[in-house]
There are 2 protein chains.
Amino acid sequence: MPDPPPSLDPVQLGAYFALIEVTSLLRHAVEQQLREAGDLSYVQFQLLARLGDAPTGSHRMTDLADGVVYSRSALTYQAGLLEKAGLVTRAQAEDDERGTTVTITDAGRERLARVFPGHIEIVQQLLFEPLSGADVKALAALLEPVRDHMRAIPPRSAAPRRRRHAS
Amino acid sequence: MPDPPPSLDPVQLGAYFALIEVTSLLRHAVEQQLREAGDLSYVQFQLLARLGDAPTGSHRMTDLADGVVYSRSALTYQAGLLEKAGLVTRAQAEDDERGTTVTITDAGRERLARVFPGHIEIVQQLLFEPLSGADVKALAALLEPVRDHMRAIPPRSAAPRRRRHAS
DNA sequence: GACAGATGCTTCAAATTCGAAGCACACACC
DNA sequence: GGTGTGTGCTTCGAATTTGAAGCATCTGTC
């Protein structure tokens, strides 16, 4: 065995598993709430939230996809649904004929507003209830650098495309 | 406005978003690695890992589903795939005619062993690299209580069939 | 300018997900 | 024992996700 097997110590394992589990459970609960309160999936909510948060209320497709860590084709599908529901509009980007700019509509903002309180409540209840203010601050301080690290490491959206001619 | 709108302060928001993002990015990377290294989806890996970790190498379907936070029907599907691939076996539970016991096979253990090093490596690189030993310990100490809290809290809108006779 | 490769998005088929409904067994309780 | 409800798992259909392939446009280089 030339390769010394890499391993995680028990503390790391505990942190890793807890992270995965917490997020799975939270996501499940949130998904259910969003469905009931506003007939939105979690992805759709994330998309609307990102758009609503943007100064212009709009983003390009690729930015959205990267933002929520979704495949482009899935985003196309979801954007189609949201557009059909009147919550966003799609238009050709001004500076790039290929690009599509997605913009949240007033109806989209309303829907967002309708769903938000319940969303917050769930997160508050499930995630933050067992944590003190200092805990929350510590958690943020731990995770934000990790996120930045992850975003920085792989050249995102640079998935190599298969060549048509292998020669 | 009888209800004071619940809200999250900026620190909470930061922690929440970082949590979601970190997990999404991590999961994506891991998924890709697992696919390449051992032709396994993340769920399948989780299932095998849980089985491999169990003293008997087996679990009941429901326990698995609850463990990885999956729907029962999706689990049935995945268990079918794993069985077809020879990585697990399914047998009627001894003590309960309704129950199905899933057991990892030697081939399953081998597959797990084949995939594990790369898995660990990715987690190490993406999640733990920016964290000190103390950080990791702190992260685990923060998240584990949250997980326990979430597991303990019953879903707010009790599903139709969801009563457990806890005497 | 013209070309080759890169990029942005969509379309397509296949795989995976979920919830509801269904079936069979288990456990009370009378 | 019979009956009724609860539980364990699977089947079913519909919705969603994904990667590969396809188009249209952009960019760098000669």
Side-chain angles (χ1 to χ4, degrees), chain A residues 24 27-29 31-32 34-36 39-47 59-66 68-85 90-102 155-167, chain B residues 24 27-28 31-32 34-36 39-47 59-85 88 90-102 155 157-167:
Chain A
S24 290
R27 187 175 181 129
H28 244 249
E31 201 135 86
Q32 186 174 334
L34 288 174
R35 186 70 68 192
E36 288 170 7
D39 200 43
L40 287 177
S41 70
Y42 192 38
V43 204
Q44 293 171 335
F45 171 73
Q46 282 183 296
L47 294 176
H59 273 307
R60 299 215 342 270
M61 292 287 281
T62 292
D63 297 333
L64 275 178
D66 284 348
V68 299
V69 192
Y70 248 46
S71 75
R72 279 94 214 282
S73 40
L75 177 59
T76 295
Y77 177 73
Q78 287 296 346
L81 288 186
L82 288 174
E83 187 178 36
K84 200 165 297 179
R90 277 191 288 187
Q92 205 174 65
E94 294 179 3
D95 53 336
D96 188 334
E97 297 263 347
R98 301 165 298 177
T100 300
T101 297
V102 186
R156 287 198 53 65
S157 107
R161 275 218 198 183
R162 189 167 301 272
R163 293 173 151 227
R164 292 163 104 187
H165 289 296
S167 51
Chain B
S24 290
R27 188 173 179 130
H28 242 249
E31 200 135 86
Q32 187 174 334
L34 288 173
R35 185 70 67 191
E36 286 169 10
D39 200 43
L40 286 177
S41 70
Y42 192 39
V43 203
Q44 293 173 335
F45 170 73
Q46 282 184 298
L47 295 175
H59 273 304
R60 294 202 3 257
M61 291 287 281
T62 293
D63 297 332
L64 275 179
D66 285 347
V68 299
V69 193
Y70 248 46
S71 75
R72 278 95 216 277
S73 39
L75 176 58
T76 295
Y77 177 74
Q78 288 295 345
L81 289 186
L82 289 174
E83 187 178 35
K84 200 166 296 179
V88 306
R90 277 190 289 188
Q92 204 173 65
E94 293 179 3
D95 53 336
D96 188 333
E97 297 263 347
R98 300 166 298 178
T100 300
T101 296
V102 186
S157 62
R161 314 176 36 184
R162 217 215 153 253
R163 189 82 50 96
R164 205 151 216 186
H165 244 19
S167 45

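Quick note on labels: first sequence line is chain A, next is B, and so on, each numbered from 1.
The side chain of Gln78(B) places no N or O atom within less than 4.0 Å of a non-bridging phosphate oxygen (OP1 or OP2) of dA15(C). The side chain of Thr62(A) contributes no N or O atom lying less than 4.0 Å from OP1 or OP2 of dT7(C). Remark: Arg90(B) is in phosphate contact with dT10(D), judged by side-chain N or O atoms under 4.0 Å from OP1 or OP2. One finds a side-chain N or O of Arg60(B) lying less than 4.0 angstrom from the OP1 or OP2 phosphate oxygen of dG8(D). Using a 4.0 Å cut-off, no side-chain N or O of Arg98(A) falls inside it from OP1 or OP2 of dC23(D). Taking only side-chain nitrogens and oxygens, Tyr70(A) comes nearer than 4.0 Å to OP1 or OP2 of dT17(D).
Residue contacts shown for Leu81(B) are limited to sugar-phosphate atoms, with no base heavy atom under 4.0 Å away. Counting any heavy atom pair closer than 4.0 Å across all strands shown, Ser71(B) reaches a base atom.
A straight line from CG of Asp95(B) to P of dT7(D) spans 16 Å, rounded to a whole angstrom. As a whole-Å value, the separation of Glu94(B) CD from dA26(C) C1' is 17 Å. Nucleotide dT16(C) holds its P atom 17 Å from the OH atom of Tyr42(B), rounded to whole Å. Spacing between atom CZ of Arg72(A) and atom P of dT18(D) amounts to 12 Å, rounded to whole angstrom units.
Toward the 5′ end of DNA chain D lies the nearest nucleotide of Gly99(B), the other residue of the pair Val43(A) and Gly99(B) mapping further downstream. Remark on DNA chain D: of its neighbouring residues Leu75(A) and Asp96(A), the 5'-side contact belongs to Leu75(A), judged by nearest-heavy-atom nucleotide.
Side-chain N or O atoms of Gln44(B) include one that pairs as donor or acceptor with a backbone N or O of Ser41(B) at under 3.5 Å.
If you check dC25(C), dT17(C), dT10(C) against the side chain of Ala74(B), the one that comes closest is dT17(C). Checking dT16(D), dA15(C), dC18(C) against the side-chain heavy atoms of His28(A) singles out dC18(C) as nearest. Checking dC9(D), dA15(D), dC9(C) against every side-chain atom of Met61(A), the shortest atom distance belongs to dC9(C). Considering only the side chain of Thr76(B), dC9(D) comes nearest among dC9(C), dC9(D), dT16(C).
Direction of the helix axis in the helix from dG1(C)-dC30(D) to dC30(C)-dG1(D) shifts by 30° between the two five-pair termini, rounded to 10°.
No side-chain heavy atom of Leu75(A) sits under 4.5 Å from any side-chain heavy atom of Thr62(A). Inter-residue side-chain proximity for Leu34(B) and Glu31(B) is flagged as unmet; no heavy-atom pair is nearer than 4.5 Å. The closest side-chain heavy-atom distance from Val102(B) to His59(B) is not below 4.5 Å. The shortest side-chain heavy-atom distance between Thr76(B) and Met61(B) falls under the 4.5 Å cut-off.
Between the side chain of Ser73(A) and the base of dG19(D), at least one donor-acceptor pair of N or O atoms lies under 3.5 Å.
Between Arg60(B) and Asp66(B) there is no salt bridge, since none of the side-chain N atoms of the basic residue sits less than 4.0 Å from a carboxylate O of the acidic one.
The side-chain contact (heavy atoms from CB on, under 4.5 Å) test applied to Gln92(A) returns Glu97(A), not counting sequence neighbours.
Checked against Tyr42(A) for a side chain to side chain contact (heavy atoms under 4.5 Å, CB included), the options Arg27(A), His28(A), Gln32(A) give a single hit: Arg27(A).
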